[in-house]
Amino acid sequence: MSSYLNLTPHPVCPRMISYLGEQLHLQRAKTSDVQTGMANTKRTVESLQSHNDALEAEKKASKITSSQQTKKILALEEHIKGQEIALLDLKKSNNHLQQKQTMADENHKNECIEMRELLVSQKEELKAELIKEREKHAAEVIQLQSSMRLAKRGA
């Protein structure tokens with residue numbers, strides 16, 4: 001029984017315990033460093049996740065804005081096409097009106113020429129008629145003068 005109760009430490013045991021204590025201390029320091037690193041990494045991941053969420057929200061908003069802008073562009077392009085068609089119609093109408101105006105101007109010019117020619121013709125006719133009337137009048141005057149001379153001689 002006395003051999004079981006022999007509690008004398010083995011000469012290697014205190015060194016081993018000291019070595020293991022140092023290793024335990026080193027492992028605890030490494031564990032603390034790893035835990036600190038993990039906490040920093042966790043904060044970084046959370047920050048990146050938050051930034052990523054913000055970017056995703058911005059991307060969705062940009063998509064919506066882009067979609068709205070695309071719709072507006074399509075509507076404006078359609079409006080422009082309509083305006084271009086209206087412009088072509090107005091140009092055709094304008095050309096047609098210009099042609100009509102040109103024809104009306106030519107007709108008016110021709111009518112003026114005809115009226116001048118008619119006026120000249122009528123003027124010449126009136127001159128000829130006036131000359132005839134003057135000659136007739138002169139003949140009557142001569143006849144009257146002759147009759148008056150005869151009446152004076154006979155009276």
Side-chain angles (χ1 to χ4, degrees), residues 1-140:
M1 272 203 164
S2 64
S3 65
Y4 282 113
L5 292 175
N6 186 5
L7 294 175
T8 345
H10 190 280
V12 176
C13 278
R15 271 194 267 162
M16 183 66 95
I17 290 176
S18 174
Y19 171 77
L20 290 174
E22 289 172 13
Q23 290 299 314
L24 180 62
H25 180 68
L26 288 173
Q27 287 301 318
R28 284 184 179 162
K30 286 181 183 178
T31 301
S32 176
D33 289 344
V34 168
Q35 285 175 339
T36 302
M38 283 180 60
N40 289 339
T41 302
K42 185 177 179 182
R43 281 191 296 274
T44 302
V45 166
E46 288 172 354
S47 172
L48 290 173
Q49 185 63 42
S50 174
H51 184 68
N52 187 45
D53 291 344
L55 289 174
E56 285 292 325
E58 188 176 325
K59 178 182 171 185
K60 286 180 183 177
S62 292
K63 258 187 174 178
I64 291 169
T65 303
S66 176
S67 174
Q68 291 170 344
Q69 293 298 327
T70 300
K71 287 178 184 176
K72 285 181 182 179
I73 288 169
L74 291 174
L76 287 172
E77 286 174 347
E78 193 66 30
H79 180 71
I80 288 170
K81 285 179 186 176
Q83 292 297 314
E84 287 172 346
I85 290 169
L87 178 62
L88 288 176
D89 289 343
L90 286 173
K91 283 182 178 180
K92 287 177 185 177
S93 179
N94 187 38
N95 286 339
H96 180 70
L97 289 172
Q98 284 178 342
Q99 288 173 351
K100 279 178 122 177
Q101 185 63 41
T102 301
M103 288 174 58
D105 289 346
E106 287 178 22
N107 288 340
H108 180 70
K109 183 180 175 183
N110 290 337
E111 285 176 5
C112 287
I113 290 170
E114 288 174 7
M115 293 299 281
R116 282 187 194 120
E117 289 173 355
L118 180 61
L119 181 63
V120 168
S121 172
Q122 286 178 345
K123 185 178 175 183
E124 288 174 6
E125 286 176 11
L126 286 173
K127 277 183 183 180
E129 193 176 317
L130 180 62
I131 290 171
K132 284 180 187 176
E133 287 295 321
R134 280 185 183 168
E135 287 173 357
K136 193 176 174 185
H137 186 283
E140 284 178 7

Q. Yes or no on side chain to side chain contact (heavy atoms under 4.5 Å, CB included) for Leu74 and Glu77, after CA distance, side-chain angles and deciding distance?
A. CA-CA 5 Å; Leu74 291 174; Glu77 286 174 347; 3.8 Å; yes
Q. About how many Å separate OG of Ser67 and NZ of Lys72, when rounded to the nearest 0.5 Å?
A. 11.0 Å
Q.
Any heavy-atom pair between the side chains of Arg134 and Leu130 that's under 4.5 Å?
A. yes
Q: Using the test side chain to side chain contact (heavy atoms under 4.5 Å, CB included), find all partners of Ser66 that sit at least two apart in sequence or belong to another chain.
A: Thr70
Q: Please say which of His108, Gln101, Lys109 ends up in a side chain to side chain donor-acceptor pair (under 3.5 Å) with Asp105.
A: Gln101
**Q.** Value rounded to 0.5 Å, distance of NZ in Lys42 from CG in Asn40
**A.** 12.0 Å
Q. About how many Å separate OG1 of Thr102 and CG of Leu97, when rounded to the nearest 0.5 Å?
A. 10.5 Å
Q) What residues, two or more places apart in sequence or in another chain, satisfy side chain to side chain contact (heavy atoms under 4.5 Å, CB included) together with Leu26? A) Gln23
Q: Report the residue from Glu114, Gln122, Arg116 that forms a side chain to side chain contact (heavy atoms under 4.5 Å, CB included) with Leu118.
A: Gln122
Q. Would you say Glu58 has more than 12 foreign heavy atoms packed within less than 6.0 Å of its CD?
A. no
Q: Could I get the full list of side chain to side chain contact (heavy atoms under 4.5 Å, CB included) partners for Glu56, not counting sequence neighbours?
A: Asn52, Lys59
Q) Any luck finding a side-chain donor-acceptor pair between Gln99 and Asn95 under 3.5 Å? A) no
Q) How long is the span from the CD atom in Gln69 to the CG atom in Leu76, to the nearest 0.5 Å? A) 9.5 Å
Q: With rounding to the nearest 0.5 Å, note down the distance linking CD in Glu124 to CD in Glu129.
A: 14.0 Å
Q) Nearest 0.5 Å, what's the OG1-CG distance between Thr31 and Leu24? A) 9.0 Å
Q. Judged by atom type as modelled, is there a donor-acceptor pair below 3.5 Å linking the side chain of Ser18 to the main-chain atoms of Pro14?
A. no
**Q.** Lys123 vs Leu126 side-chain heavy atoms within contact, under 4.5 Å
**A.** no
Q: Would you check if the side chain of Ser50 reaches a backbone N or O of Glu46 as a donor-acceptor pair within less than 3.5 Å?
A: no
Q: State, without any angle test, whether Asn110 and Glu106 hold a side-chain donor-acceptor pair at a distance under 3.5 Å.
A: no
